[in-house]
Structures are given as structure tokens and as C-alpha cells.
Amino acid sequence: MKAIALRVTVNGEETELPVGTSVSGLLALLDIEPRGVAVAVDGEVVTRRTWGERSLAAGEHVEILSIAQGG
């Protein structure tokens with residue numbers, strides 16, 4: 001039986017996603033504007049140009065970081 005969902009941890013919270021979700025798909029599902037965002041999966045930075053190709057797997061830990069302006 002093929003899984004229809006997978007569980008990953010996103011910024012410390014367990015999240016269920018459709019199998020085959022990419023990094024860019026995750027950002028879209030979470031309604032996160034990709035501008036000014038960095039993403040790491042299991043501690044390794046995923047370059048923006050590969051977000052659409054990088055599928056997430058069950059059990060992975062995703063950190064989504066946004067640049068905050070300050071003064």
C-alpha cells in the first residue's frame with residue numbers, strides 16, 4: 001500500500017504533506033513568500049534553484065528562515 005502523506009518536521013512542528021512535495025511546494029502550501037527566505041533540510045542548506053527538484057522525505061527536518069530587517 002502506497003503512502004498518500006508523509007510527515008516531516010517544519011520549524012519544530014510535525015507536519016503532514018502529500019508524498020512528492022518539494023521545498024517550493026512546501027512553501028506554497030504554507031503560504032510563505034519565497035523572497036528573503038532560506039531553507040535547510042536536515043541541517044543542509046537547499047539552494048533556491050533546486051527548491052522545485054528537492055522532494056521531501058518522511059522524517060526529514062525542515063527549517064525555514066526569513067530575513068528580518070532591523071536597525
Side-chain angles (χ1 to χ4, degrees):
M1 184 172 177
K2 190 174 180 177
I4 57 171
L6 58 95
R7 291 180 188 262
V8 298
T9 302
V10 179
N11 291 351
E13 292 187 31
E14 194 168 288
T15 304
E16 194 168 276
L17 303 171
V19 170
T21 299
S22 65
V23 170
S24 60
L26 172 63
L27 294 175
L29 286 170
L30 297 176
D31 200 26
I32 295 175
E33 170 64 43
R35 188 173 174 172
V37 169
V39 179
V41 178
D42 287 340
E44 199 167 311
V45 174
V46 180
T47 60
R48 184 179 301 268
R49 70 178 176 274
T50 63
W51 284 1
E53 304 162 9
R54 176 53 165 91
S55 293
L56 299 170
E60 288 186 312
H61 292 269
V62 181
E63 294 296 325
I64 302 170
L65 307 166
S66 61
I67 298 170
Q69 291 184 329

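Values in this document were obtained by computation on a predicted structure and should not be read as measured data.
No continuous path of hydrophobic side-chain contacts links Val39 to Val45 [ILVMFWY only; heavy atoms under 4.5 Å]. Linking ILVMFWY residues whenever their side-chain heavy atoms come closer than 4.5 Å, directly or via other members, leaves Leu65 and Val23 in distinct clusters.
Distance alone, capped at 3.5 Å, is enough to place a donor-acceptor pair between the Arg48 side chain and the Val37 backbone. Without hydrogens or angle criteria, Glu60 side chain to Ala57 main chain gives a donor-acceptor distance under 3.5 Å. Distance alone, capped at 3.5 Å, places no donor-acceptor pair between the Thr50 side chain and the Glu53 backbone.
In this structure, Gly52 and Ser24 approach most closely via the heavy-atom pair CA-OG, 3.4 Å. When all heavy atoms of Trp51 and Pro34 are compared, the closest pair comes out as CZ3-CB, 3.6 Å.
Looking at heavy atoms from C-beta onward, Arg54 lies in side-chain contact with Leu56 at the 4.5 angstrom threshold. With contacts defined as side-chain heavy-atom distances shorter than 4.5 Å, the pair Val8/Thr21 does not qualify. Side-chain contact between Leu29 and Pro18 is present, with heavy atoms from C-beta onward closer than 4.5 Å.
Between atom CG of residue Leu26 and atom OG of residue Ser55 there is a gap of 11.5 Å, rounded to the nearest 0.5 Å.
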